[in-house]
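Written out below as structure tokens is the structure these notes cover.
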Amino acid sequence: LQIIESPGDARQWTVATTADGRVALVPTMGALHDGHFSLIRRAKEIAGHVAVSIFVNPAQFAPLEDLARYPRPIEDDLAALRREGVAMVYLPASEIVYPPGFSTYVEPPAVAAPLEGVLRPGHFRGVCTVVLKLFQTIPAHVAVFGQKDYQQARVIVAMVRDLDVDIEIDVAPTVREPGGLAMSSRNRYLDANQRDVALCLARALTVCNVYFSSGTDDVNILEAAMRYELGVDRPDGVDTVDYAVVVDGQTLLPVTRATAGCVALIAARVGTTRLIDNHILR
Ligand code: PAF
């Protein structure tokens with residue numbers, strides 16, 4: 001595992017390595033878990049060489065979000081990357097990515113506007129900016145993102161298309177813990193009881209898909225069923241629901257009748273931990 005901290009060295013590594021075969025990039029914020037490992041394994045299937053970036057990007061956190069307490073178990077992460085046979089990890093310091101005087105940001109595409117765009121203003125501006133910087137620094141053939149961050153994946157696909165970035169975007173299925181909880185670095189914040197409560201996100205998405213596949217396409221009914229499963233008014237339910245919606249799978253705009261390819265998306269809080277999950281309707 002080559003550990004690289006400067007953009008120049010990362011670019012040089014990528015240019016040299018692409019001469020020898022396909023390179024896949026897996027961008028992460030560290031605190032790696034099985035969800036990340038599945039992205040890395042998928043990257044290995046589609047490219048001979050895998051690079052991973054680990055950078056907790058301050059530009060995508062709002063002032064009151066969890067930037068300071070975001071887990072940073074770097075030694076464990078490096079050991080895991082070695083185990084997974086990753087060729088290079090890009091590990092830049094914050095001052096390298098955002099040096100004094102940094103002032104250029106990417107205006108995110110339209111698909112960034114609803115949902116997370118309303119609840120986390122500035123989040124996708126930070127994501128797009130850092131991801132575009134990563135694509136410049138590590139000009140890989142393909143970058144792998146998780147479907148768990150559904151809106152983020154749509155935003156990156158649109159940014160790459162709109163800005164003619166020469167990279168293929170691969171979106172890999174969500175990996176779940178037993179019981180269905182979508183894997184996330186933020187699951188570390190949950191205690192045992194909160195983990196049980198958190199299972200209702202996956203349950204709500206399953207119920208939504210069962211209703212849909214048995215012929216219910218009225219979005220009001222599908223959304224009400226998800227809200228009921230989330231149990232916000234019950235002691236065994238989540239603490240708050242930011243959204244539990246069925247929307248167009250491409251634009252993420254509201255629909256009244258669901259069709260296959262629409263997506264059910266949930267953001268909810270269990271204690272102080274904000275969880276997101278989604279399911280493409282079939
Ligand atoms: O999904 C993430 O971990 C982050 O949003 C990303 C894509 C690495 C950008 O910081």
Side-chain angles (χ1 to χ4, degrees), residues 4 7 10 24-40 42-43 50-62 65-74 76-77 80-81 84 86 88-98 102 104-106 108-109 111-112 115-117 119-138 140 142-160 163 165 167-175 182-189 265 267 273-278:
I4 293 185
L25 168 67
V26 182
T28 81
M29 297 205 300
L32 304 176
H33 50 67
D34 283 347
H36 294 113
F37 303 145
S38 86
L39 301 185
I40 290 169
R42 188 173 170 107
V50 176
V52 170
S53 62
I54 297 182
F55 179 63
V56 182
N57 175 31
Q60 68 188 74
F61 288 78
E65 289 182 351
D66 56 344
L67 174 64
R69 73 164 180 153
Y70 199 85
R72 293 169 171 84
I74 192 62
D76 291 351
D77 285 354
L81 295 181
E84 293 294 326
V86 168
M88 187 275 269
V89 57
Y90 178 50
L91 206 60
S94 200
E95 316 77 69
I96 295 288
V97 179
Y98 299 111
F102 182 93
T104 306
Y105 290 87
V106 176
V111 68
L115 304 170
E116 297 293 302
L119 288 149
R120 303 182 70 190
H123 171 68
F124 284 126
R125 177 183 190 250
V127 169
C128 286
T129 303
V130 83
V131 169
L132 187 61
K133 287 195 67 147
L134 289 169
F135 289 169
Q136 304 273 32
T137 305
I138 305 171
V142 53
V144 185
F145 292 87
Q147 192 201 303
K148 206 216 83 181
D149 295 293
Y150 188 90
Q151 190 172 9
Q152 170 173 279
R154 299 305 332 151
V155 165
I156 288 164
V157 165
M159 175 184 79
V160 161
L163 299 184
V165 185
I167 192 163
E168 186 188 315
I169 303 300
D170 184 80
V171 181
T174 302
V175 178
M183 294 222 175
S184 162
S185 303
R186 290 189 169 98
N187 292 354
R188 294 172 192 229
Y189 302 150
L265 293 150
T273 306
R274 186 170 189 272
L275 301 170
I276 59 172
D277 201 352
N278 66 80

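Just so you know, residue 1 is the first one in the sequence shown, and it goes up from there. Numbering of ligands and ligand atoms starts at 1, following listing order. In this text the structure is predicted, and so the values were computed from the model without any measurement.
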Check: Ala31 main-chain N/O paired with Ser185 side-chain donor or acceptor under 3.5 Å:
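Confirmed, Ser185 side chain pairs with Ala31 backbone.
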Donor-acceptor pair, distance only, cut-off 3.5 Å: does the side chain of Lys133 make one with the backbone of Val97?
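Yes.
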For Asp34, which residues count as a salt bridge (charged side-chain N to carboxylate O under 4.0 Å, His left out) partner, sequence neighbours excluded?
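Asp34 satisfies salt bridge (charged side-chain N to carboxylate O under 4.0 Å, His left out) with no residue once adjacent residues are dropped.
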Just jot down the salt bridge (charged side-chain N to carboxylate O under 4.0 Å, His left out) partners of Asp77, sequence neighbours excluded, or say none.
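None.
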Please list all pairs meeting side chain to side chain donor-acceptor pair (under 3.5 Å) that have one or both residues in residues 51-62, counting only residues at least two apart or in different chains.
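Of all non-adjacent pairs touching residues 51-62, those that pass side chain to side chain donor-acceptor pair (under 3.5 Å) are Asn57-Gln60, Asn57-Tyr98.
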Polar pairs, ligand 1 vs protein, N/O only, below 3.5 Å.
unit_1   : atom_1 : unit_2 : atom_2 : d
ligand 1 : 1 (O)  : Gln152 : NE2    : 2.8
ligand 1 : 5 (O)  : Gln60  : NE2    : 2.9
ligand 1 : 5 (O)  : Gln152 : OE1    : 2.7
ligand 1 : 10 (O) : Gln60  : OE1    : 2.6

Minimum-distance pair of heavy atoms, taken over all atoms of Asn187 and Ala182
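Taking every non-hydrogen atom into account, ND2-O, 3.0 Å.
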